[in-house]
Amino acid sequence: MSHLQMLSRIPRPLRTLERGMAQSQGWVTRYFKAFCKGFFVAVPVAVTFLDRVACVARVEGASMQPSLNPGGSQSSDVVLLNHWKVRKFEVQRGDIVSLVSPKNPEQKIIKRVIALEGDIVKTIGHKNRYVKVPRGHIWVEGDHHGHSFDSNSFGPVSLGLLHAHATHILWPPERWQKLESVLPPERLPVQSEKESLHGSP
């Protein structure tokens, strides 16, 4: 029940009622101005947050099964994308990341980082059996081999195309979980940059 409704139930002198109404109108005006001021301040903050810090996105397709969308077309996972974590292009093997598609700048794809710059990776269906990831690039793949358009098709990806690091599944509720940075043993690099720098003499 509002304050005005409460006042209407209690007999008051007209002068007191008018004074109360004036005070109420003044409060409403102050509240409205404060709301407008806060709204126009909050909108840029929200835009900045979505652009620089994090956002959410729905995952479509089967390329990351079973890690994402294990139910196929029946349901789609909604994930938290952390922009802040990749602001310096720092990623690790096993991270699930979103990136701008090298073949379609209007599309963003989600894949797992398999190899970093300097690593030598054994490919799956690529024209070259082995590929050394060049400087400033990463090798990404979908978890569902054979159903993924990834580095085995378009090669190493520039770090400049990184969009965000997928850190959590937010929806559906029964799927809520943190996304771990894991790399299947069979997809470990044949040789990493660290190993090549500190190999046997």
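Positions are given from 1 along the sequence. Atoms considered below: every heavy atom in the structure, side chains included; atoms not considered: hydrogens, waters and symmetry mates.
- The backbone N or O of R175 lies less than 3.5 Å from a partner atom in the side chain of Q177, making a donor-acceptor pair.
- Side-chain contact between H145 and R187 is present, with heavy atoms from C-beta onward closer than 4.5 Å.
- Evaluation of the ring-ring contact (aromatic ring centres under 6.0 Å, His included) rule for H137 yields no partner, not counting sequence neighbours.
- The two residues F89 and G160 have their closest heavy-atom pair at CE2-CA, 4.1 Å.
- Heavy-atom neighbours of R87 CZ from other residues, nucleotides or ligands within 6.0 Å: above the threshold of 12.
- Side-chain atoms of I120 and P189, non-hydrogen and from C-beta on, never get closer than 4.5 Å to each other.
- Distance check: L99 CG to D150 CG gives 10.5 Å after rounding to the nearest 0.5 Å.
- Without hydrogens or angle criteria, D143 side chain to P66 main chain gives no donor-acceptor distance under 3.5 Å.
- Nearest heavy atom pair, residue A54 against residue L80, reads CB-CD1, 4.1 Å.
- Partner W139 forms a side-chain contact (heavy atoms from CB on, under 4.5 Å) with one of V113, V131, V157 and no other, that one being V131.
- L170 and V59 are assigned to two separate hydrophobic clusters, defined by single-linkage of ILVMFWY side chains at heavy-atom distances under 4.5 Å.
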Does L179 form a side-chain contact (heavy atoms from CB on, under 4.5 Å) with T167? I'd like the steps, not just the answer. CA-CA 5 Å; L179 291 171; T167 59; 5.9 Å; no
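- Once rounded to the nearest 0.5 Å, the distance linking NZ of K85 with CG of L162 reads 12.5 Å.
- In this structure, the ring-ring contact (aromatic ring centres under 6.0 Å, His included) partners of H168, at least two apart in sequence or on a different chain, are W176.
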In sequence, state the C-alpha distance, the side-chain angles, and the governing distance for F149 and I109, and then conclude on side-chain contact (heavy atoms from CB on, under 4.5 Å). CA-CA 9 Å; F149 184 64; I109 58 177; 5.9 Å; no
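- The CD1 atom of I169 sits 4.5 Å away from atom CG of D77, with the distance rounded to the nearest 0.5 Å.
- Between atom CD of residue E117 and atom NZ of residue K132 there is a gap of 10.5 Å, rounded to the nearest 0.5 Å.
- Looking at heavy atoms from C-beta onward, L159 lies in side-chain contact with I138 at the 4.5 angstrom threshold.
- Taking 4.0 Å as the cut-off between side-chain N and carboxylate O, D119 and R93 count as a salt-bridged pair.
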Check the pair V79 / I96 against side-chain contact (heavy atoms from CB on, under 4.5 Å), numbers first and verdict last. CA-CA 11 Å; V79 298; I96 296 178; over 6 Å; no
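- Residues H83 and C55 share a closest heavy-atom pair of NE2-SG, 3.4 Å.
- Shown are H165, K108, H163; of these, the side-chain hydrogen bond (donor to acceptor under 3.5 Å, both in side chains) with S98 is made only by H163.
- Listed by first and then second residue, the side chain to side chain donor-acceptor pair (under 3.5 Å) pairs that reach into residues 120-129 come to none, sequence neighbours excluded.
- In this structure, the side chain of N152 does not engage the main chain of G125 through any donor-acceptor pair within 3.5 Å.
- When hydrophobic clusters are built by joining Ile, Leu, Val, Met, Phe, Trp and Tyr residues whose side-chain heavy atoms come closer than 4.5 Å, directly or via intermediates, L161 is grouped together with V97.
- Here the rule is side-chain hydrogen bond (donor to acceptor under 3.5 Å, both in side chains) with S148, and of R112, K111, E141 only K111 fits it.
- Linking Ile, Leu, Val, Met, Phe, Trp and Tyr whenever their side-chain heavy atoms come within less than 4.5 Å puts V133 and L183 in one cluster.
- Tracing side-chain contacts under 4.5 Å through hydrophobic residues (I, L, V, M, F, W, Y), one never reaches V86 starting from I110; they form parts of separate clusters.
- Considering only heavy atoms from C-beta on, D95 comes within 4.5 Å of S181 through its side chain.
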